[in-house]
Each structure stands twice: as structure tokens, then as C-alpha cells.
> 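One structure coming up, written as C-alpha cells, with questions to follow.
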Amino acid sequence: MALNHVSRLCRNVEESVDFYTKVLGFVKIERPPAFDFDGAWLFNYGVGIHLVQSEDEERLPHNPDHLDPMDNHISSQCEDMEAVERKLKELDIKYMKKAVEDDENGTKIDQLFFNVPDGFMVEMCNCENLKLVPAGSLGKIKLPVDRHTPPVELNQNGNGNDDDAKDLTSYAC
């Protein structure tokens with residue numbers, strides 16, 4: 001139905017909690033006491049982040065300064081890209097700024113890539129500027145009934161007469 005949480009290994013849980021709360025705006029929440037290992041749960045923006053203290057340095061990124069948009073990362077939409085960039089500069093966090101422009105549709109996506117303290121990459125973007133156009137599986141996409149961001153093109157030929165659009169399934173959670 002929706003992404004519930006992302007789990008990340010940490011070199012130091014408290015340093016990671018500090019980063020996710022101060023830089024990304026997450027809030028630390030109660031973690032079930034049944035867990036017998038060091039970690040923390042964070043939540044905001046409709047998604048959770050579960051931090052787990054790594055017992056093995058080999059499981060963490062080897063170069064925490066490496067930034068490559070073509071590498072594994074998680075991405076979040078952002079309301080104010082300039083504010084995020086100012087925050088990254090203020091905190092002296094290394095980042096990479098990119099833009100994806102679609103001249104045909106007149107859209108532009110701004111992207112900021114940076115690493116959390118453990119070297120895992122995060123992207124902040126304004127991806128709601130991009131309209132999703134299903135490629136041959138229109139009736140299989142499930143959308144929330146109240147909103148979907150980015151917007152989805154409900155027909156593939158753009159004229160509003162595509163019979164497949166009637167098969168679009170929505171759900172409420």
C-alpha cells in the first residue's frame with residue numbers, strides 16, 4: 001500500500017539520530033523494548049527510518065564521501081530545494097547538485113545528493129514536477145484516492161480517450 005520504513009545500519013546510532021532529526025526533520029519515536037540490539041526509530045513525512053547499530057564495519061559504505069547519483073540511494077520530495085541547499089551549506093555537508101530537464105514536456109527536476117554520516121546516499125528532489133506515464137501497465141498501478149505525487153498520466157496517448165485509464169485502481173489507507 002505504501003512504503004512503511006527504510007532500515008539503515010549505523011556506525012554510531014546517536015550521531016545518525018542527530019543528523020536525521022536536525023538536517024532532515026525526522027522525529028525520534030519510541031522503539032519497542034523487545035529489541036535487544038542498539039538502534040532508534042524515526043518518523044516524519046509519512047515514512048519511518050529504522051537505525052540499527054552495525055556490528056560489522058564491512059557492511060557499511062567504504063567511502064562515506066563518495067557521491068554518485070547512479071549508486072544506491074533513497075530519495076525524498078522536498079518543498080523548498082533552496083532551503084535544503086542552504087542547510088547543507090550551513091552545516092558544511094558535501095553535496096552534489098543536479099537537474100534533469102525534459103524540454104519536450106517543459107519540466108525540470110532539481111536534485112541534491114548527499115550522504116548521511118554512515119555514507120549512505122540521500123537525494124532530495126522536487127520530483128512532483130515530473131508526470132509519471134505508465135509504460136504498458138496502466139491498469140496495475142495502485143494510487144491513493146486522495147492524492148498522488150508525482151502526478152500520473154492516466155492515458156498513454158494524451159487525448160483522454162484511452163480505455164485503459166478506466167482500469168486504474170485506487171486504494172485508501
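For the single chain, residues carry numbers from 1 onward in sequence order.
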> Which residues satisfy the ring-ring contact (aromatic ring centres under 6.0 Å, His included) test with F26, sequence neighbours excluded?
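Residues passing ring-ring contact (aromatic ring centres under 6.0 Å, His included) with F26: Y45.
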> Give me each pair satisfying salt bridge (charged side-chain N to carboxylate O under 4.0 Å, His left out) with a member in residues 15-27, each pair once, sequence neighbours excluded.
D18-K22
> Kindly state each residue pair satisfying salt bridge (charged side-chain N to carboxylate O under 4.0 Å, His left out) with at least one member in residues 47-57, sequence neighbours excluded.
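Matches after skipping sequence neighbours: R11-E57.
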> List for me each residue that meets side chain to side chain donor-acceptor pair (under 3.5 Å) alongside K97, sequence neighbours excluded, and say none if there are none.
E85
> Ignoring hydrogens, what is the shortest heavy-atom contact between C78 and E128? Give both atom names and the distance.
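Between these two residues, the closest heavy atoms are O-OE2, 4.2 Å.
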> Name all residues meeting the side chain to side chain contact (heavy atoms under 4.5 Å, CB included) criterion together with I29; count only those two or more places apart in sequence or in a different chain, and write none if there are none.
W41, F43
> V13, F37: one ILVMFWY side-chain cluster at the under-4.5 Å cut-off?
yes
> Restricting to side chain to side chain contact (heavy atoms under 4.5 Å, CB included), what partner residues turn up for D68, sequence neighbours left out?
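Partners of D68 by the side chain to side chain contact (heavy atoms under 4.5 Å, CB included) criterion, ordered by chain and then number, come out as H66, M70, D71.
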> Quick check against the 3.5 Å criterion: does Q53 have a side-chain atom that pairs as donor or acceptor with the backbone of C10?
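Between the backbone of C10 and the side chain of Q53 there is a qualifying donor-acceptor contact (under 3.5 Å).
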> State, to 0.1 Å, how close R59 and F120 come at their nearest heavy-atom pair, and which atoms those are.
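Closest pair (atom of R59, atom of F120, distance): O-CZ, 4.5 Å.
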> Would you say V52 and I74 are hydrophobically clustered, going by side-chain heavy atoms of ILVMFWY under 4.5 Å?
yes
> Taking F114 as the fixed residue, which of M96, E123, M124, M121 is the one that meets the side chain to side chain contact (heavy atoms under 4.5 Å, CB included) rule?
M124
> Would you name the heavy atoms of Q111 and V100 that are closest together and state the gap between them?
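Nearest heavy atoms, Q111 then V100: OE1-CG2, 3.4 Å.
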> Does S7 have any side chain to side chain donor-acceptor pair (under 3.5 Å) partners at least two apart in sequence or in another chain, and if so, which?
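For S7, no residue satisfies side chain to side chain donor-acceptor pair (under 3.5 Å) once neighbours in sequence are set aside.
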> Considering residues at least two apart in sequence or located in another chain, which fulfil the salt bridge (Lys or Arg N to Asp or Glu O under 4.0 Å) criterion with D110?
K108
> Is the shortest side-chain heavy-atom distance between L9 and D118 below 4.5 Å?
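With C-beta onward as the side chain, the pair stays apart.
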> Which atom pair, heavy atoms only, marks the closest approach of I49 to H5?
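Closest heavy-atom pair between I49 and H5: N-CB, 4.4 Å.
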> Kindly state each residue pair satisfying ring pair (Phe, Tyr, Trp, His ring centres under 6.0 Å) with at least one member in residues 73-106, sequence neighbours excluded.
H73-F113
> Just to verify, what does L91 make a side chain to side chain contact (heavy atoms under 4.5 Å, CB included) with, not counting sequence neighbours?
V23, K87, I93
> Return the CG to NZ distance between L112 and K98, rounded to the nearest 0.5 Å.
12.0 Å
> With sequence neighbours excluded, what pairs up with E79 under the side chain to side chain contact (heavy atoms under 4.5 Å, CB included) test?
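Listed in chain order: nothing, the list is empty.
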> Can you tell me how far the OH atom of Y20 sits from the CG atom of N44, to the nearest 0.5 Å?
14.0 Å
> Checking C125 now: which residues fulfil disulfide (SG to SG under 2.5 Å) with it, not counting sequence neighbours?
C127
> Ignoring hydrogens and angles, tell me if any N or O in the side chain of K94 forms a donor-acceptor pair with the backbone of D65 under 3.5 Å.
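Yes; at least one donor-acceptor contact below 3.5 Å.
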> Could you tell me whether N63 atom CG has more than 12 heavy atoms of other residues or ligands within 6.0 Å of it?
yes
> Output the distance between atom CG (L88) and atom CZ (R86), rounded to the nearest 0.5 Å.
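The distance works out to 11.0 Å.
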> Can you name the closest pair of heavy atoms from S16 and L51 and give their distance?
CB-CD1, 3.8 Å
> Given the rule that I, L, V, M, F, W and Y join up when any side-chain heavy atoms are under 4.5 Å apart, are V6 and F35 in one cluster?
yes
